[in-house]
Colleague: 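Got a structure for you, written out below as structure tokens; questions coming shortly.
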Amino acid sequence: MTAELYWLPKPDDFQGKLGAIKQSGADEPSRLDALRRLANHNLSLSETAALARALEGAARGPGDAPAKAGFRGLRVAVLASSTVEHLLPGIRVAALRRGLLLDFYVGSYGQYRQELLNPASGFYAFKPDLVWLAVDADEALMAPSFSPEARDLEALAAEREAEW
């Protein structure tokens, strides 16, 4: 079973349409609008990846042409305890469907604490609008290797909450 957006139409000649958009020489708002129309189809994994590549670098701040043309730029920092890069193309295309242009900062693998605690890190320099903290269950729970009392679990939970 594959996950697909069955309610959206399948694209006719996706590669041809994407190539035409890239080669069109249209202004950026027109190009982004054409990419958005193409994104509103039932895309395969490879089509999603190709569309996401065409969008890279398109995020803009307030006052830029894409924002004025009905698109909003959003800077998203992703700090994780695992690999997340494979998720970004799908997120970028899903956001495009809603008029959002995402610019991502992805912290180094498993280094989210260092990114958060170091004011000179790339995370702070990026100045995100949104932070996605993606930690696995062991990281999130700080699962002890023994069976602590309930009060010890509360202390661990409070420590983790304070850290975040």
Side-chain angles (χ1 to χ4, degrees), residues 3-5 8 14-15 17-19 21-24 26-143 156-164:
E4 69 176 70
L5 305 176
L8 293 175
F14 174 85
Q15 291 298 332
K17 287 181 180 176
L18 183 59
I21 293 167
K22 289 178 177 180
Q23 307 266 330
S24 73
D27 61 3
E28 190 170 22
S30 297
R31 184 181 68 84
L32 290 171
D33 192 49
L35 290 172
R36 183 180 187 177
R37 284 192 306 275
L38 192 54
N40 279 297
H41 286 84
N42 183 353
L43 303 177
S44 70
L45 184 62
S46 62
E47 290 167 340
T48 299
L51 187 54
R53 280 190 303 276
L55 283 168
E56 287 178 7
R60 299 287 185 262
D64 286 340
K68 292 176 185 172
F71 292 92
R72 178 175 177 226
L74 193 62
R75 299 167 63 78
V76 181
V78 183
L79 303 177
S81 62
S82 59
T83 303
V84 294
E85 286 81 358
H86 62 288
L87 303 173
L88 303 182
I91 294 169
R92 187 182 303 275
V93 170
L96 176 65
R97 289 181 179 123
R98 290 152 184 88
L100 297 172
L101 301 172
L102 302 184
D103 188 13
F104 287 109
Y105 171 83
V106 180
S108 298
Y109 178 86
Q111 301 295 308
Y112 71 92
R113 282 187 185 92
Q114 292 83 342
E115 293 273 359
L116 290 170
L117 295 173
N118 179 3
S121 70
F123 166 73
Y124 284 99
F126 182 69
K127 297 180 181 171
D129 300 308
L130 176 69
V131 178
W132 173 25
L133 184 60
V135 295
D136 60 31
D138 288 339
E139 272 299 304
L141 299 175
M142 259 175 60
L156 282 171
E159 181 182 323
R160 179 50 51 117
E161 182 180 349
E163 180 182 285
W164 286 351

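Computed from a predicted structure; not experimentally measured.
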Colleague: Looking only at atom types and distance, does a side-chain atom of Arg97 sit under 3.5 Å from a main-chain N or O of Val93, one as donor and one as acceptor?
Modeller: no
Colleague: Quick one: are Phe123 and Pro128 in side-chain contact, heavy atoms under 4.5 Å?
Modeller: yes
Colleague: Would you find more than 12 non-hydrogen atoms of other residues, nucleotides or ligands less than 6.0 Å from Tyr124 atom OH?
Modeller: yes
Colleague: Atom CG in Asn42, atom CD in Glu47: separation rounded to 0.5 Å?
Modeller: 8.5 Å
Colleague: Keeping the roles fixed (side chain from Arg31, backbone from Ala26), state whether a donor-acceptor pair exists under 3.5 Å.
Modeller: no
Colleague: Taking Thr48 for the side chain and Gly90 for the main chain, is one N or O donor matched with an acceptor at less than 3.5 Å?
Modeller: no
Colleague: With distance as the sole test, does Glu115 use its side chain to make a donor-acceptor pair with the main-chain N or O of Gly107 at under 3.5 Å?
Modeller: no
Colleague: Salt bridge check, Arg75 against Asp129: does any charged N sit closer than 4.0 Å to a carboxylate O?
Modeller: no
Colleague: Closest approach of Leu79 and Tyr105, non-hydrogen atoms and distance?
Modeller: CD2-CE2, 4.4 Å
Colleague: Mind listing the closest non-hydrogen atom pair of Ser81 and Tyr112 along with its distance?
Modeller: CB-CE2, 4.1 Å
Colleague: Is the shortest heavy-atom distance from the side chain of Leu35 to the side chain of Leu18 under 4.5 Å?
Modeller: yes
Colleague: Between atom CZ of Arg37 and atom CD1 of Ile21, what is the distance when rounded to the nearest 0.5 Å?
Modeller: 7.0 Å
Colleague: Considering all heavy atoms of both residues, which atom of His86 and which atom of Pro89 are nearest to each other, and what is their separation?
Modeller: O-CD, 3.6 Å
Colleague: CG of Leu87: more than 12 outside heavy atoms within 6.0 angstrom?
Modeller: yes
Colleague: Before you tell me yes or no, could you show the steps for Phe104 and Arg92 under side-chain contact (heavy atoms from CB on, under 4.5 Å), namely the whole-Å CA-CA distance, both residues' side-chain angles and the distance that decides it to 0.1 Å?
Modeller: CA-CA 9 Å; Phe104 287 109; Arg92 187 182 303 275; 3.2 Å; yes
Colleague: Report the C-alpha separation of Leu96 and Asn40 in whole Å, then their side-chain angles, then the decisive distance to 0.1 Å, and conclude whether the side-chain contact (heavy atoms from CB on, under 4.5 Å) test is met.
Modeller: CA-CA 9 Å; Leu96 176 65; Asn40 279 297; over 6 Å; no
Colleague: Atom CG in Asp27, atom CG in Asp33: separation rounded to 0.5 Å?
Modeller: 10.0 Å
Colleague: Which value, rounded to the nearest 0.5 Å, describes the distance between Arg113 atom CZ and Leu116 atom CG?
Modeller: 9.5 Å
